[in-house]
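Along the sequence shown, residues are numbered consecutively beginning with 1.
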Amino acid sequence: MGKPTMDGRERMKRMFRRQDQDRVPRHESFWGETITRFQEEGFQGGYEDVLTQLVHTDIHAMGWLWPQCFPGDEKLISEDAETKVIRESNGRIARYWKHKSGTPEHIGFECDGREAWETRFKPALLKNWRQLNPADYVRHLKEGRDKGRWCHLTGVESFEETRQIIGDEVVLIAMAEDPEWVMDISRTFTDIVLRNFDLVMETGIQPDGVFIYGDMAFNHATLCSPAMYKELIWPDHKRMADWAHKHNMKFIYHTDGNINGVMDLYLEAGFDCLQPLEAKAHVDIRKLIPMYGDKLAFFGNCDVMQYATNDRDLIAAEIKAKLDAGKAGKGYVYHSDHSVPPQVSLETYKFIIDCVDKYGQYD
């Protein structure tokens with residue numbers, strides 16, 4: 001990597017303003033097994049070391065907030081040589097792999113109806129509302145500032161929480177048959193997240209942004225219709241974006257899947273940036289940036305399916321195409337379109353970053 005002329009914080013701030021930058025800002029996500037593979041192939045260090053030494057990330061997370069109804073109350077129900085079944089602190093019962101990452105099997109949900117929510121889960125969430133230590137955020141902000149990074153609060157949004165508490169099948173039926181219940185879960189959870197973030201702001205620190213995670217789409221469309229999203233969940237997404245702007249922060253929203261059908265709603269909610277923009281879900285910044293690039297920043301979209309081939313010609317072409325599109329409007333951050341999988345070797349990932357260096361420079 002050539003000698004930078006800006007630090008990560010300045011680079012990101014200028015990206016959001018569509019001002020000149022020395023290079024495209026960058027960040028990355030990895031599966032745990034990918035980091036293990038890198039270590040087996042000679043890399044010395046863990047996840048943060050990969051971000052610092054290989055990626056040269058411009059971004060720093062100050063903490064992770066996902067409020068739980070019964071924080072710390074998890075129970076191992078059963079296990080075998082390969083898997084374990086856990087009753088989690090939001091009442092979900094799920095089966096996990098022991099030795100590899102992957103989407104857990106959803107076995108059941110203790111919050112199986114509106115009565116359970118109103119009599120047990122909602123009161124517990126309200127009682128246990130405080131779920132972070134503000135002093136940790138003060139310390140993490142200093143760590144990020146010392147590294148010259150753009151520092152953000154990180155949390156989960158209400159649609160993801162609703163799905164995790166009552167399950168996909170129940171929530172999608174309830175959105176049609178009992179929308180007031182879904183809205184109540186969404187409002188309550190959003191209240192709790194913002195109440196915790198208020199505690200951070202009461203310390204007097206000034207983060208740069210809010211980075212909110214929640215998956216609301218699959219590979220062909222959003223999980224619910226745009227109209228249903230606008231009525232039931234969107235008001236709380238807008239509240240989170242409004243809160244960020246009130247506190248002089250940018251708002252980044254993460255969702256997997258095909259979100260082409262709700263782009264206008266994201267703009268109306270005041271989102272500043274979208275991530276990770278899954279190429280394999282028919283999301284392409286080469287189409288989106290000409291339409292929305294003056295209003296939205298884009299963060300990601302480099303196809304990990306190409307990375308997993310370890311074919312350098314394919315990888316170079318993918319990165320060049322996406323970075324060229326991103327640079328055209330100056331509102332772009334490099335990232336894969338999801339998380340780098342363990343099929344990618346350490347040498348391939350070094351080549352990926354070489355390509356980001358080469359094609360990510362601004363003239």
Is [X] salt-bridged to [Y], cutoff N-O under 4.0 Å?
{"X": "Arg95", "Y": "Glu79", "result": "no"}
{"X": "Arg23", "Y": "Asp58", "result": "yes"}
{"X": "Glu88", "Y": "Arg92", "result": "yes"}
{"X": "Asp236", "Y": "Arg239", "result": "yes"}
{"X": "Arg139", "Y": "Glu143", "result": "yes"}
{"X": "Asp284", "Y": "Lys287", "result": "no"}
{"X": "Glu115", "Y": "Arg120", "result": "no"}
{"X": "Glu74", "Y": "Arg87", "result": "no"}
{"X": "Asp354", "Y": "Lys350", "result": "no"}
{"X": "Glu33", "Y": "Arg37", "result": "no"}
{"X": "Lys330", "Y": "Asp20", "result": "yes"}

Side-chain contact, heavy-atom cut-off 4.5 Å: [X] with [Y]?
{"X": "Glu157", "Y": "Glu161", "answer": "no"}
{"X": "Leu153", "Y": "Val200", "answer": "yes"}
{"X": "Tyr47", "Y": "Val50", "answer": "no"}
{"X": "Asp272", "Y": "Ile252", "answer": "no"}
{"X": "Phe121", "Y": "Glu110", "answer": "yes"}
{"X": "Pro342", "Y": "Thr36", "answer": "no"}
{"X": "Thr188", "Y": "Leu126", "answer": "yes"}
{"X": "Asn90", "Y": "Trp66", "answer": "yes"}

task = Measure centre to centre between the rings of His282 and His220, then say whether the value is under 6.0 Å.
result =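 Centroid distance His282-His220: below 6.0 Å, so yes.
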
message = Quick check: Phe30 with Tyr349 (ring centres under 6.0 Å apart)?
response =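 Under 6.0 Å, so yes.
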
inquiry  = Please check if the number of heavy atoms outside Lys98 that lie under 6.0 Å from its NZ is greater than 12.
reply    =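 Atom NZ in Lys98 is packed in, count exceeds 12.
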
query = Trp117 and side chain to side chain contact (heavy atoms under 4.5 Å, CB included): which partner among Asp184, Thr162, Asp112?
reply =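 So, applying the side chain to side chain contact (heavy atoms under 4.5 Å, CB included) to Trp117 and each of Asp184, Thr162, Asp112, only Asp184 qualifies.
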
Have [X] and [Y] got a donor and an acceptor in their side chains that come within less than 3.5 Å?
{"X": "Thr52", "Y": "Asp49", "value": "no"}
{"X": "Ser186", "Y": "Ser158", "value": "yes"}
{"X": "His338", "Y": "Asp256", "value": "yes"}
{"X": "Asn310", "Y": "Glu347", "value": "no"}
{"X": "Glu28", "Y": "Tyr334", "value": "yes"}

request  = Answer yes or no on whether Arg9 is positioned over the face of Trp150, meaning its NZ or CZ is under 6.0 Å from the six-membered ring centre and within 45° of the axis.
outcome  =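 Not flagged: Arg9 not positioned over aromatic ring of Trp150.
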
Row check, Trp243 ring normal vs Lys246 NZ/CZ: under 6.0 Å, within 45° =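 No.
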
Between [X] and [Y], what is the shortest heavy-atom contact and its length?
{"X": "Glu41", "Y": "Leu346", "value": "OE1-N, 2.7 Å"}
{"X": "Met15", "Y": "Pro25", "value": "CB-CG, 4.0 Å"}
{"X": "Trp31", "Y": "Gly102", "value": "CZ3-N, 4.4 Å"}
{"X": "Asp357", "Y": "Arg26", "value": "OD1-NH2, 2.8 Å"}
{"X": "Ile192", "Y": "Trp129", "value": "CD1-CB, 3.5 Å"}
{"X": "Pro104", "Y": "Ala94", "value": "CB-CB, 4.1 Å"}

When you group the ILVMFWY residues by side-chain heavy-atom contacts below 4.5 Å and let the links chain together, are [Y] and [X] in the same group?
{"X": "Val356", "Y": "Met305", "value": "no"}
{"X": "Ile59", "Y": "Leu51", "value": "yes"}
{"X": "Phe70", "Y": "Leu125", "value": "yes"}
{"X": "Leu267", "Y": "Phe251", "value": "yes"}

Take the angle between the ring planes of [X] and [Y] and call it parallel below 30°, perpendicular above 60°, tilted in between.
{"X": "Phe211", "Y": "Tyr213", "value": "parallel"}
{"X": "His335", "Y": "His27", "value": "tilted"}
{"X": "Tyr266", "Y": "Tyr253", "value": "perpendicular"}

Partner of Asp208 by salt bridge (Lys or Arg N to Asp or Glu O under 4.0 Å), out of Arg11, Lys250, Arg145, Arg149 =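 So the option named by the test is Arg145.
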
inquiry  = As an exercise, state the distance from CG of Asp311 to CD of Glu318, rounded to the nearest 0.5 Å.
reply    =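 One gets 12.0 Å once the value is rounded to the nearest 0.5 Å.
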
query = Do Ser225 side-chain atoms and Met228 backbone N/O form a donor-acceptor pair below 3.5 Å?
reply =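 Checked: pair present.
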
Worked check of ring pair (Phe, Tyr, Trp, His ring centres under 6.0 Å) between His254 and Phe299 = CA-CA 9 Å; His254 164 102; Phe299 186 168; 9.4 Å; no

